Amino acid sequence: MASRLQDFFGMSRGPHIAGGKVPLVLHLLAPNGRAEQVTTDLAGFWDRHYPEVRKALMRRYPRHSWPEDPRTAAPPTPRR
């Protein structure tokens, strides 16, 4: 499943299928649509990798929201 990284703000755990037993593979995209990370462990990504990804993306995309705690941040309004 590919979607902008910001679309997962507010989630502490990634989506699962098969009654919550199988995590989906997430392709977390930068605002330019390129994959920044591929993971099945969203919680681990927030803990271990997001702080560094946030620093890099904040410099490249300053107009976008990059909260320190993405688990409690609201996702952006969907684009039409």
Side-chain angles (χ1 to χ4, degrees):
M1 176 177 164
S3 191
R4 293 181 308 154
L5 188 145
Q6 293 97 336
D7 294 336
F8 295 97
F9 288 172
M11 296 177 72
S12 59
R13 180 176 176 226
H16 286 64
I17 57 173
K21 295 178 184 173
V22 180
L24 292 179
V25 176
L26 303 175
H27 294 252
L28 305 174
L29 308 178
N32 65 359
R34 293 187 182 142
E36 283 294 321
Q37 186 78 23
V38 178
T39 186
T40 57
D41 180 16
L42 187 60
F45 169 74
W46 292 144
D47 291 337
R48 293 186 293 278
H49 302 290
Y50 177 73
E52 289 300 316
V53 169
R54 177 180 177 260
K55 285 180 194 176
L57 294 178
M58 270 189 351
R59 279 178 270 181
R60 282 189 272 167
Y61 307 102
R63 293 182 182 173
H64 293 268
S65 174
W66 303 108
E68 287 188 33
D69 185 4
R71 288 182 175 108
T72 59
T77 305
R79 296 177 290 181
R80 292 184 185 239

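On a predicted model such as this, the values are computed, not experimentally measured, just so you know.
Taking CE of M1 as the start and CD1 of I17 as the end, the distance is 11.5 Å to the nearest 0.5 Å. Of the inter-residue distances, the one linking S3 atom OG with L28 atom CG reads 8.5 Å to the nearest 0.5 angstrom. With values rounded to the nearest 0.5 angstrom, S65 atom OG is found 12.0 Å from L57 atom CG. Atom CG of residue L5 and atom CH2 of residue W66 lie 5.5 Å apart, to the nearest 0.5 angstrom. Expressed to the nearest 0.5 Å, how far NE2 of H49 lies from CG of D41 amounts to 8.5 Å. One finds the CZ atom of R34 at 11.5 Å from the CG atom of L29 (value rounded to the nearest 0.5 Å).
Residues P67 and R54 share a closest heavy-atom pair of O-NE, 3.3 Å. Heavy atoms only, all atoms of each residue included: Q6 and P31 are closest at NE2-CG, 3.8 Å. Of all heavy-atom pairs spanning H16 and G14, the tightest one is ND1-O, 2.8 Å. Looking at every heavy atom in both residues, E68 comes nearest to P70 through O-CD, 3.4 Å.
Grouping the Ile, Leu, Val, Met, Phe, Trp and Tyr side chains by contacts below 4.5 angstrom, directly or via other members, places V22 apart from V25. At a threshold of 4.5 Å between side-chain heavy atoms, the hydrophobic network of Ile, Leu, Val, Met, Phe, Trp and Tyr places M11 and V38 in two separate groups.
You'll find the side chain of L26 reaches within 4.5 Å of the side chain of P15, heavy atoms only. With contacts defined as side-chain heavy-atom distances shorter than 4.5 Å, the pair R71/L42 does not qualify. Counting heavy atoms from C-beta on, the side chains of E52 and K55 come closer than 4.5 Å. Within the 4.5 Å cutoff, side-chain heavy atoms of P76 are placed close to those of R4.
Classification of the Y50-F45 ring pair by plane angle, with boundaries at 30° and 60°, yields perpendicular.
Enclosure of atom CZ in R60 by more than 12 non-hydrogen atoms of other residues, nucleotides or ligands within 6.0 angstrom is indicated.
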